[in-house]
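Worksheet: one structure, shown below.
Keep in mind that the numbers below use all heavy atoms, side chains included, and drop hydrogens, waters and symmetry copies. If you're wondering where the values come from, they're calculated on a predicted model, not measured in any experiment. By convention here, the first residue in the shown sequence is residue 1.
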Amino acid sequence: MADHDRTTARALLRRQGRTYADEAGIDLADRPGPLYQLLVLTTLLSTRIRAGVALHAARELFTAGYRTPAAMAAATWQERVDALGRGHYRRYDERTASELGQGADLCLDRWHGDLRRLHRAADGERTALRRMLTEFPGIGPTGADIFLREAQTVWPDLRPYADRRTLSGARHLGLPTSAARLADLVGGADFGRFASALVRVALDPDSAREVTAAR
């Protein structure tokens with residue numbers, strides 16, 4: 001069974017092994033800019049909107065130059081609304097534009113624009129990290145999970161991080177439903193990509209058949 005599960009995991013990584021950050025054009029690294037961009041993406045993904053729309057909107061914000069909290073805070077509310085609109089992020093554009101501005105201010109005021117400070121302040125405690133992330137406007141427990149699931153690619157102390165949606169995707173594929181057992185199926189550096197791929201399966205259960213057929 002273990003070999004079967006590893007084969008499934010490899011097939012999934014081949015077919016869907018991109019993080020959401022990668023899809024949004026974020027070259028994720030343990031640096032202030034990329035980590036802030038992940039926070040922006042997390043804010044967009046936290047609303048009841050399709051992931052593809054959130055990704056498109058994130059790319060529009062970044063194309064407009066809002067890649068740092070200083071740039072986001074300096075933009076007017078209308079400029080943020082317009083960028084979100086170009087990404088077809090229309091249903092929540094006004095509220096989200098406000099949240100992005102408030103979140104940028106919080107990032108600057110509390111963390112001096114550097115979310116590595118937040119990471120250090122948590123001292124490896126996931127509960128503390130989740131709590132601090134939910135202090136950002138628009139980011140609740142689910143959003144905190146999104147951020148940490150993606151951030152584990154550059155914050156190894158988080159691995160393996162598997163949230164509810166990750167485990168739901170594993171269930172659809174008949175894989176183990178604990179983070180530790182899933183981590184046994186792939187290399188540590190690949191676990192973030194693996195977790196994102198499992199989330200895609202959770203959001204589109206029909207894709208599970210494609211993965212199993214590709215083994």
remark   = Residues Thr153 and Gly192: closest non-hydrogen pair is CG2-CA, 3.7 Å
query = Which pair of non-hydrogen atoms, one from Arg6 and one from Leu185, has the smallest distance, and what is that distance?
reply = CG-CD2, 3.8 Å
key: Nearest-0.5 Å distance that lies between atom CG in Leu45 and atom CZ in Arg50   = 12.5 Å
ask   = Quick one: which of Arg126, Arg130, Arg164 gives a salt bridge (charged side-chain N to carboxylate O under 4.0 Å, His left out) with Asp145?
value = Arg130
ask   = Are there more than 12 heavy atoms of other residues, nucleotides or ligands under 6.0 Å from atom CZ of Arg18?
value = yes
inquiry  = Quick check for you: to the nearest 0.5 Å, what is the distance between Asp184 atom CG and Leu175 atom CG?
reply    = 12.0 Å
ask   = Closest approach of Leu129 and His119, non-hydrogen atoms and distance?
value = CD2-CA, 4.0 Å
query = Under a 4.5 Å side-chain heavy-atom rule over Ile, Leu, Val, Met, Phe, Trp and Tyr, are Val199 and Leu167 clustered together?
reply = no
request  = Mark yes or no for whether Gln37, through its side chain, and Arg67, through its backbone, hold a donor-acceptor pair below 3.5 Å.
outcome  = yes
query = What pair of heavy atoms forms the shortest contact from Cys107 to Tyr36, and how long is it?
reply = SG-CD1, 4.2 Å
query = Side chains of Asp93 and Asp82: does their closest heavy-atom pair fall under 4.5 Å?
reply = no
remark   = So CG of Leu198 and CG of Leu182: to nearest 0.5 Å the spacing works out to 6.0 Å
query = Quick one: side chain to side chain donor-acceptor pair (under 3.5 Å) pairs with a partner in residues 26-35, sequence neighbours left out?
reply = Asp30-Trp155
key: Test item: Thr8 and His4 side chains (from C-beta on) under 4.5 Å apart, heavy atoms   = yes
note = Smallest heavy-atom separation, Arg200 atom then Tyr20 atom, equals CG-OH, 3.3 Å
query = Can you get from Leu35 to Met132 by hopping between Ile, Leu, Val, Met, Phe, Trp and Tyr side chains that sit under 4.5 Å apart?
reply = yes
key: Polar contact flag, side-chain donor to acceptor under 3.5 angstrom, Asp163-Thr166   = yes
inquiry  = Please determine whether the number of non-hydrogen atoms from other residues, nucleotides or ligands lying under 6.0 Å from atom CZ of Arg59 exceeds 12.
reply    = yes
query = What are the two closest non-hydrogen atoms of Thr47 and Tyr89, and how far apart are they?
reply = OG1-OH, 2.6 Å
ask   = Is there a side-chain contact between Leu39 and Phe136 (heavy atoms, below 4.5 Å)?
value = yes
Euclidean distance, Glu125 CD relative to Asp157 CG, rounded to 0.5 Å = 10.5 Å
key: Leu41 vs Ile26 side-chain heavy atoms within contact, under 4.5 Å   = yes
message = For residues Leu28 and Val40: do they belong to one hydrophobic cluster (side chain heavy atoms under 4.5 Å, members Ile, Leu, Val, Met, Phe, Trp, Tyr)?
response = yes
inquiry  = Do Val53 and Leu203 land in one hydrophobic cluster if side-chain heavy atoms of ILVMFWY residues count as linked below 4.5 Å?
reply    = yes
ask   = According to a 4.5 Å side-chain heavy-atom criterion applied to Ile, Leu, Val, Met, Phe, Trp and Tyr, with indirect links allowed, do Phe62 and Leu84 form part of one hydrophobic cluster?
value = yes
query = In this structure, which one of Arg149, Arg165, Glu23, Glu150 forms a side-chain hydrogen bond (donor to acceptor under 3.5 Å, both in side chains) with Ser196?
reply = Glu150
query = Is the shortest heavy-atom distance from the side chain of Gln152 to the side chain of Leu148 under 4.5 Å?
reply = no
ask   = Any side-chain heavy atom of Ile146 sitting closer than 4.5 Å to one from Ile139?
value = no
query = To the nearest 0.5 Å, how far apart are CD1 in Ile49 and CG in Leu44?
reply = 8.5 Å
Any Arg10 side-chain heavy atom under 4.5 Å of Thr7 side chain = yes
request  = Could you grab the distance from atom OH of Tyr92 to atom CZ of Arg48, nearest 0.5 Å is fine?
outcome  = 7.0 Å
task = Indicate yes or no: at least one non-hydrogen side-chain atom of Leu38 is less than 4.5 angstrom from one of Leu115.
result = no
